[in-house]
Structure formats: structure tokens, C-alpha cells
Amino acid sequence: MNALTSLDRPNSYIGRSVPRPNAKRLLAGRGRYVTDIRLPRMLHAAFLRSPYAHARIISIDVDAARALAGVHLVATGADIARICAPWTGTLDHFKGMTSEPQLPLPLDRVVWAGQAVVAVVAESRALAEDALELISIGYEELPAVVDLDAARQPGTPRVNPSGTSNICFRTQLDSGGVDEAFASAAHVVEEEFSFGRHTPVTLEPRAIVADYDAESGSLTVHHATQTPYQFQDLYARHYGIPEARVRVIAPDIGGSFGMKLHVYHEDMAVVGLSILLARPVKYVADRIESFVSDIHARDHHVRARMAVDVEGKILAMDIHDATAIGAFSTYPRTSVVEGNQVVRLIGAPYDFKSYRAVLEVVFQNKVQTSQYRAVGHPIACAVTERMVDLAASQVGIDPFTMRARNVIADNAYPTASPTGYKFEALSHEICLQRLRGIMDYDALRTEQAELRQRGIHRGIGIATFVEITNPSPAFYGVGGARISSQDGATLSLTPSGEVRCAISVTEQGQGTEAIIGQIVADQLGVAQDHVKVITGDTEVTPHGGATWACRGAGIGGETALQAARRLKANILEIAGLILQEQPSALDIIDGQVVGVATGQLRLPVAEIARIAYFRSDTLPPGTQAQLTVSHHFAPQGYPFAFTNGIQGCYLEVDVHTGFIKLLKHYVVEDCGRIINPMLVDEQLRGGVVQGLGAALFEECRYGETGQLLNGSLADYLVPMAMEMPDIIIDHVETPTADTILGAKGCGEAGTAAASACVLNAVNDALAPLAASINAIPITPARVLKALGRY
Amino acid sequence: MSSEIDDAEEAVRVRFTVNGRKVACEVAPRDTLVDCLRNALELTGTHAGCEMGACGACLVQLDGRAVHGCLMFAVQADGARIDTIEGLSESGAIADLQAEFHRRNALQCGFCTPGMLINAHELLSRLTEPSRAAIRDALSGNFCRCTGYEAIVDAIAAVADARAAKASQEGSPG
Ligand code: FES
Ligand code: FES
């Protein structure tokens, strides 16, 4: 199938841990983030926000703010609504889902505390904030729907008065045979879980500079986003500007994790403000604003039942997932994808037939939730893996044995999950064995038993997972979203024989540019130093999906690979003409054209470039050298390239304080072909730590009136270096046969299972004390409560 | 900013030595040091992540000690010597840390990195061979959402080892 190089050939970069060329700038403080951008005549926006979770707007008085020197514009919802078409966060493939139309700023009703209501544009951010204090808004408070369970009760006040209930979306999966399986099961285990809301907390907050040029009717937006092409399309359509006159540039981005690909009201407003003023307008969310306006995620209550036979073989699962998403569904990717993935991913690593699930997605008066790293996976994984542990303990077998009995066998592929996900090839069995080895599981169990004698309560938890990567149009495109699942690259040989690759996948620090450079250099046969990769500018690269849901390496990488092969063929065609050889008898190694048979150096690639660009007169008549190629690649074959892996966690619970000390974390992961092992490991580590934060600390806490109570970085706990463990990583490589490259994603894997293994490990530690935990985050208070000490 | 606009914006003149160079600039009394560095002096390598002393993105050296640029008004730093990531890079003072961070990929988006480097620099100037736990402890005021911290800890530990080895070589006779 694929003829990838072995590592001992020159320029064989695929599979090598090379450092990221673009990281040196960042280390020297020479990054250029949107936060850093300052344009001539640039103004600054600030927003007055609703103090109420739900209220009618009675009056808005902006006269004093308008009169303040240095203020250029005070805009209300009506002002921007005149130029911006509303949007609705629904997709057709989620049958029956509803959501209200949205505008940048509301006209007559606010639906969460922190919603932006009025915008001020002034000479400086500080002045704009001064002006906010001069604005008075009259509100009539309406009943707020805050709690997830309350939102689902009949007779509850409605988040959207025009709707008939607070339900956004409901779906049901049933493979059949569930009731029969439960009736005949040797053991049935049941549990109810709750997962707190948390939020991405990128270190660089959301930032945007919109620059509308009235004379040419063109809009340039410097936008801290993962998906510049999506926003080019949205700004064009919602503001009625021809797409070709909208340019979105995503320079260095200070973290994204899915958060920076959604439409935010302030961002849309800033574009409108720039159009109204015909001047550049900048907005950077401060941290307090980030907490009340960035997407949140999770917030699920799950009821689960699992039926197993006497040996511990899983027979069936029955799930009810209720999730609350805010007052409307996020645009353009919706807020139901997370729940949809929860109910479809539960049970996915295991070989069983009977599965039933109900998903209920409800509105509430809180900020919107949507896709954040590992979308749905952590919940599906935590529910599944806790149920597997509960079943194992009922049957009386070890968690490893339980999983070994139930995972889909490595030789059973291709196969499908009971929810219809098609698996090309996964490696659960080998991953399970590897994990047992790297954990030194038996020794850990011995140590745990010894320490228990001394009153020290350690826990060991493991969690198997399946990750969705390389999404095809089945993800969004089929639902009518203008979100691309293909990518494009333009590859040029420069006159001095170097290579320039402009590609539609984007960089937020994962190392996208590094791996694209590795692939291009590898495939062309040039030094990586000689490949310049350009990303993040709609004016410069072809249109593509960019980077989300784990597609940069798998789809972007394949795009680069195929483009590089085409460029190489074109270079060798010219080389053949110059050298009077068949192109097939030539190859490129280290920037030199060589004879395939002899390995003999024939001509530097730079010389081919020189001749083609400057002395085309010396080439045979009729020759037109094509030293630039543009190439697109859309995934085909399986709708998703699933990956898998397993994680382990070793921790200690202080039963007096409820504090949990993470001692060590382990990951065995299979993301197919690995392009840069160091970058993959660092993706996994970063992902694991985000999952550990969710497991132990992170939760957006709300008061009864819908106020966020811990919306600052001092109150909302994030994982810091001191609390985090070292993480041991091992890999299995099962490439996908759908591409030449064979790469799948690895960006979600760490986050997908980390909280599940912590949950299992804490329960393992508490088991002898007859206490158990079924809620995330596992705070000291929850531990003490479980122990009956609080 | 001219004074007619708003009293709060009325400019004050401050003088510092920034990255070895004497500078004077006009700041509003309410401008924080991080705002002044980033806006007036265009030293955008110092970042703001929380503006309340919780994330460490804004660390700079003030008279040789790491301080939070967000917790100090620019006027309070009048007369001080300030070193930012840009100056420490150019002087080569942290070149070994930067190289090791690069080699181990101890950064992803890089937004926390200047603060991490300044903190690491301070740590290694106080402790020659910190344990991993001491490094983690020292970093406990620097939030990184991307890396998971381990590579940062590894990089700092490796630089500490290399510096100690070099010092003992230089110290040994012959
Ligand atoms: S910005 Fe100063 S500590 Fe976060
Ligand atoms: S590298 Fe992104 S926050 Fe640390």
C-alpha cells in the first residue's frame, strides 16, 4: 500500500521527533497574536453586559456615553441588526432540533447573565469601559431557568417564550434486544452520573480586529480562530459582502481547543462596528468576560444500566443522557454534537449487541455550550468505564480481566459499534497488554494492598477509549453546514529551489506547520529547513476545513503528501527533459536529482528551478514547467477514522481532607501513522492534563438566579504544575488504509479518558470504605460527603 | 492621549531602564505595567492572561526579581530596571533555557512561555539543582493550558543539570 520511507534515508522526516521550526519565535517573545495587533486608526470596543440571567429590556439610555470625548460609537442591538443577518444554530441532520434566531446584540430580551447588550467603541479600551458606566439599561426580570433537571420539568418557565418547551433536541437509539438482555442477565449494575459545566480557559482570551474598508467594500479580520475559512464564509454571508472581499487572518493563537471556532456575539458585533465606522475595531475579551461568554461544555446527567452474564461478558447497555446547553444552540456547529457523541460513543470499545439510549438536550439561562476538546468523549468514556468497573466488581473479577473479556478483539475488524460507528481497525487488546506492562500493574496492586494496611488509600483506575478523528462530510456537511471536511494546499518550488507550502490546516501550537513541513520535505526529498509552511490566511491558502476535531495530521497531512508527490512528479518531468532521461529513472534526495538505479547525483533541484524560471528558452519547445501545484484532498472511505487507546491512573486519596494526589498517569494510544512522536506525546500530555483538570477541579458554579459564581482565574480552579503527575506514554501504530499517509488524530485522546480513569481510581481507593463517587469534578467536598464526613 | 478626553487618562511621565535602555514614556495613572510595556513600549512578548496575578503570563523582571506586570501600575515602576522576555532573549541570559524548551517542545501555543521562562530563570538563579517537585512548586503560579507541564519541568531540570555540570567543570582545577 504505502511506500513510506525508512528512517535511515536522508530527508525521511515522517516518524521523527524534530522540534517545531516556528517555536523559536514564540520562545523569544516574538509571537504575533491578535492581542498584539495594532493598526493605524484602530479603535477599541467594550461591551455592557446583562446582570440578569433572563430579563426583558425596557429601555436603553446611551446619551451620556455618546457624549463622552473619545467615544466614537455606541451601538445597541437594533443598530447592528440593520446590517447583520440573524443566524440559527441548527443542522438538518439533527432531526427536529430547534433554536431561536440570534443577533450580535439582543433587541428586547437577555437570556444569560453576562450577555453583551450594548457596544461602545472608543479611542482606548479604558475609555470605552468608562463610557459603559454612563449607560443605563432598564430591565424587567423574568424567571430564569437555571438547573438542568428543573429545565426539563413540565410547567417550568420557558427559556424561549415562543417555544413550547425547553427541549432543543431529542433522539433515541435502539439496536433491539435490550429488555431481553437485561431480563436474562446474571448481573445488572446501575448508576447515575453528573458532569459539571466547565470551560476551555485558553490562556490567550478571544481576540479580534475587524478592519472594514468602505472604499473597496472589503473586510479584513484578524481573528484568533482555528477556522478562518468558516469565518470568511460567515462574515460574507451575514454582512452581505462578496466572499472574495472578505479576508480572515489567524496569526499566532494562544490556545483554542475548539473554543475559538464558534460564532460569538461580540465577535460578530465587532465586524459590524467596523463596518459602521469604516475603521479598524479591536476587541479582546478580558478574563472575566471569557468566563461568561466563551462556550462552556459538558453539563450532563446520565443514568446508565449495564447487563452482564456470569463471566462478566457485557450483554447490554441502557442510557439516558440529559444535557443543558444555554439559551440557544451555538452557531454554526450547534450545541447538540456533544450529547450526540456521548450517546453514540458509550460502550464503543466493547463487543456487545444490545444498546439503547435517549438523549435530551435542553435550554437553560446560561451561556451557550458547544464543542470543546474531546467533545462528548470524556462523558461517554467515564460512564462506560465506571459501569465496566461496577460490573467487574459484581462479577468479582479484576478490571483488566473484565476489559480483556469484553473489548472488541484485534482480529475482528472491520466491524461496527452497536450505535453504527464503523471501525476500520483498532487495537484494544494489544493496548491493554501494553498498559498492564508500563503500569507494572501487579506491583502497583501489591503496593496498594500494603499501604492500605497502614491507612493509606491509593487507587488504580484504567479506562479504554475510542476517539473520532478525520471526519468526513458526515459530521457537518450533510447537515447543511458550510464547514469543509477537505483541505487544500498550494505547493511551489521557488526560484532558488526551496519549497513553499500554503495549506488550509491551521496552527494553534499543536505543531501543524512542523508536521506539514516534515511530510512535504520527506515526500519531495529536500531538507525540512528548505520548506516554508504558511497557514491561517484565507487570502493565501486554498479553502479548507482547517484544524478541529482531530483532522490536521490525518487530512491536512494527506493533502500535503499528495500535493508534494504531484510537485515532485512535475520537477522530475523537467529534470528528465534537461537530463534526457525518463522521469521514472530519477529521484530527488536531499535537494538533488539522482539516478534511481545508480544513486548518482545528476542535478540540484535549485538548478531545475533556475532553468524553469529564468531560462525557459533552453527547455524543449512546448515545455511549460509547472512548479506550483494546488491540490485538494477530501477524506473518502470510512466516514471517520476511529482511533483507540487506554489510560491508567495511580492516585492517593486523603480520607481526612478529601484531597486527591495524582501520583502517575499512563497512556497507550494508537493514532495510526505517527509523523512526529514528540509532538504526539505532547498532545497527549496536554490533553490528559485538561482531562485531569475536569476530573478534579473545573466547574462553572452558578447561583440560584443564574449568576456564575466563580468566573475568575482565582476562583475557577485549573490544573497547575504542582498538582499534575508525570505521564508515561506508549504507542501502538495501526495506520488507516484510507490514506497513503495512514495518520489519524491524537488531539482528543488525552482528554477523552483522563477523567474516566481518575473516577475509577478514586472509586478503587474508596471501595474498602464502602464509599463511591459518581460526579465530576471529584472535589474534596464530594469525597468527604461520600465518606459521610461532611 | 490628550488630557481633555478624560481625567483618568491624564498622562504622567515615567522613566525606566527597559532591557538595558533608558526610556521615558507617558502613561495614564491607571495603566498597569503590562499595559505600558505592551502598548506604549510595544514589547508584546509580555502577555496578559488574567490581569489578577493568577496566571503568570505577565511576569517581567523588576530590579532583578520576577514580578507580575498586571499587579503593578506603570507609575509604581518609575525609576526601576525592567527586563522583559525580549531583553533576556537578546542578552543571551536565557539562551540555554530557550534551547532546551525548543528541543523538548516545552511550549505549544507559546502564550505562557515568556512568563514560564522568566520564572524558570529566577528559580535557577536561586536554586542550582532544584528537584522536580521544587520545579513544579516554583511553577505553581504559571498557568499553561497546552503542555501538561511535564516537558517544561523536564527542560528546566535539564538546564539546571547542564549549568551545574558546567559550573563544576569550571570550578575544578585544570
Ligand atoms: S496577567 Fe498577570 S498574572 Fe495573569
Ligand atoms: S503553551 Fe499554550 S498556554 Fe502554555
Side-chain angles (χ1 to χ4, degrees), chain A residues 17 19-20 23-33 35-36 38 68-70 123-124 126-127 130 200-205 252-257 286-287 508-511 678-679 681-690 692 712-714 718-727 750, chain B residues 1 4-6 8-9 28 30-31 38-39 42-55 57 84-86 88-90 97-98 101-114 117 132-133 135-153:
Chain A
S17 289
R20 288 156 52 209
K24 283 194 175 163
R25 270 185 318 110
L26 307 178
L27 281 158
R30 301 272 177 203
R32 187 182 164 86
Y33 301 87
T35 333
D36 302 334
R38 233 198 313 180
L68 188 69
E123 302 278 341
S124 72
L127 266 177
D130 291 345
V201 203
T202 59
L203 189 53
E204 183 193 31
D252 293 324
I253 312 291
S256 189
F257 317 113
D286 68 27
R287 183 59 58 193
Q508 296 86 42
Q510 312 88 325
M678 173 171 71
L679 298 186
D681 286 359
E682 290 310 303
Q683 275 303 295
L684 291 171
R685 290 203 169 90
V688 163
V689 166
Q690 283 188 18
L692 295 176
S712 85
L713 213 40
V718 286
M720 302 298 276
M722 195 57 207
E723 294 87 33
M724 290 299 112
D726 284 341
I727 300 163
Chain B
M1 202 95 349
E4 308 93 69
I5 283 182
D6 190 328
E9 293 280 289
R30 64 179 170 180
D31 283 349
R38 289 179 49 79
N39 299 332
E42 299 188 331
L43 293 166
T44 51
T46 304
H47 297 148
C50 68
E51 297 172 282
M52 62 184 301
C55 77
T84 68
I85 183 69
E86 289 90 346
L88 294 170
S89 292
E90 282 158 22
L97 277 166
Q98 288 167 313
F101 268 58
H102 186 238
R103 203 172 71 75
R104 292 174 188 262
N105 203 51
L107 71 160
Q108 290 183 26
C109 78
F111 207 76
C112 69
T113 310
L117 286 168
R132 285 181 80 76
I135 296 171
R136 285 191 179 273
D137 189 34
L139 295 180
S140 62
N142 286 76
F143 176 44
C144 174
R145 192 50 141 177
C146 305
T147 64
Y149 301 106
E150 188 169 336
I152 298 175
V153 176

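The chains referred to below are lettered A, B, ... by the order of the sequence lines, with proteins before strands, and numbering in each begins at 1.
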Student: Are A:Thr35 and B:His47 side-chain neighbours, meaning at least one heavy-atom pair lies under 4.5 Å?
Tutor: no
Student: Which one of B:Val153, B:Leu139, B:Ile152, B:Asp137 has the most heavy-atom pairs closer than 4.5 Å to chain A?
Tutor: B:Asp137
Student: What pair of heavy atoms forms the shortest contact from B:Asn142 to A:Met720, and how long is it?
Tutor: C-CE, 3.5 Å
Student: Is the shortest distance from a Lys or Arg side-chain nitrogen in A:Arg38 or B:Glu42 to a carboxylate oxygen in the other one below 4.0 Å?
Tutor: yes
Student: Which one wins on heavy-atom pair count under 4.5 Å against chain B: A:Gly511, A:Ala714, A:Pro19?
Tutor: A:Pro19
Student: With chain A, which of B:His102, B:Glu51, B:Arg103 has the greatest number of heavy-atom pairs at distances under 4.5 Å?
Tutor: B:His102
Student: Keeping the roles fixed (side chain from A:Glu204, backbone from B:Phe111), state whether a donor-acceptor pair exists under 3.5 Å.
Tutor: no
Student: B:Tyr149 versus chain A, heavy atoms under 4.5 Å apart: side chain, backbone, both or neither?
Tutor: side chain
Student: At a 4.5 Å cut-off on heavy atoms, which part of A:Leu203 comes close to chain B: side chain, backbone, both, or neither?
Tutor: both
Student: Looking at CG of A:Asp726 and CD of B:Glu150, how far apart are the two atoms once the value is rounded to the nearest 0.5 Å?
Tutor: 4.0 Å
Student: Please rank A:Ile727, A:Val688, A:Thr202 by heavy-atom pairs under 4.5 Å with chain B and give me the top one.
Tutor: A:Ile727
Student: Let me confirm one number: the CD-OG1 distance from A:Gln683 to B:Thr147, rounded to the nearest 0.5 Å.
Tutor: 10.5 Å
Student: Under 4.0 Å between a Lys/Arg side-chain N and an Asp/Glu carboxylate O for A:Asp130 and B:Arg30?
Tutor: yes
Student: Under a 4.5 Å heavy-atom cut-off, does chain A meet the side chain of B:Arg132, its backbone, both or neither?
Tutor: side chain
Student: Highest number of heavy-atom pairs under 4.5 Å with chain A: which of B:Cys109, B:Gly148, B:Ala151?
Tutor: B:Cys109
Student: Which of the residues B:Ser140, B:Ala138, B:Gly53 is involved in the greatest number of heavy-atom pairs with chain A at under 4.5 angstrom?
Tutor: B:Ser140
Student: Tell me, out of A:Gly31, A:Pro200, A:Gly750, A:Gly255, who's got the most heavy-atom pairs with chain B below 4.5 Å.
Tutor: A:Pro200
Student: Under a 4.5 Å heavy-atom cutoff, which of A:Ala28, A:Gly29, A:Gly254 has the most pairs with chain B?
Tutor: A:Ala28
Student: Would A:Arg30 and B:Glu90 pass as an ion pair if we require N to O under 4.0 Å?
Tutor: yes
Student: From A:Leu27 CG over to B:Leu117 CG, what is the distance, rounded to the nearest 0.5 angstrom?
Tutor: 6.0 Å
Student: Measure the shortest side-chain to side-chain distance between B:Arg145 and A:Pro719 over non-hydrogen atoms and say whether it is less than 4.5 angstrom.
Tutor: yes
Student: If you measure from CZ on A:Arg685 to CG on B:Asn105, what distance do you get to the nearest 0.5 Å?
Tutor: 10.5 Å
Student: Just how far is it from atom SG of B:Cys146 to atom CD of A:Gln690, taken to the nearest 0.5 Å?
Tutor: 7.5 Å
Student: A:Leu26 and B:Thr113: side chain to side chain contact (heavy atoms under 4.5 Å, CB included), yes or no, with the steps?
Tutor: CA-CA 7 Å; A:Leu26 307 178; B:Thr113 310; 5.5 Å; no
Student: Could you give the distance from CZ (A:Arg20) to CD (B:Gln108), rounded to the nearest 0.5 Å?
Tutor: 7.0 Å
Student: Examine whether an atom of A:Glu682 lies under 4.5 Å from a heavy atom of chain B, and if so say whether it belongs to the side chain, the backbone or both; otherwise answer neither.
Tutor: both
Student: With only heavy atoms counted, which part of B:Asp31 is less than 4.5 Å from chain A, the side chain, the backbone, both or neither?
Tutor: neither
Student: With a 4.5 angstrom heavy-atom cut-off, is it the side chain or the backbone of B:Ala133 that approaches chain A, or both, or neither?
Tutor: backbone
Student: So do B:Arg136 and A:Glu723 actually touch side chain to side chain, heavy atoms under 4.5 Å?
Tutor: no
Student: Select one option (side chain, backbone, both, neither) describing which atoms of A:Val201 are under 4.5 Å from chain B's heavy atoms.
Tutor: both
Student: So, do A:Arg32 and B:Thr44 sit near enough that their side-chain heavy atoms are less than 4.5 Å apart?
Tutor: no
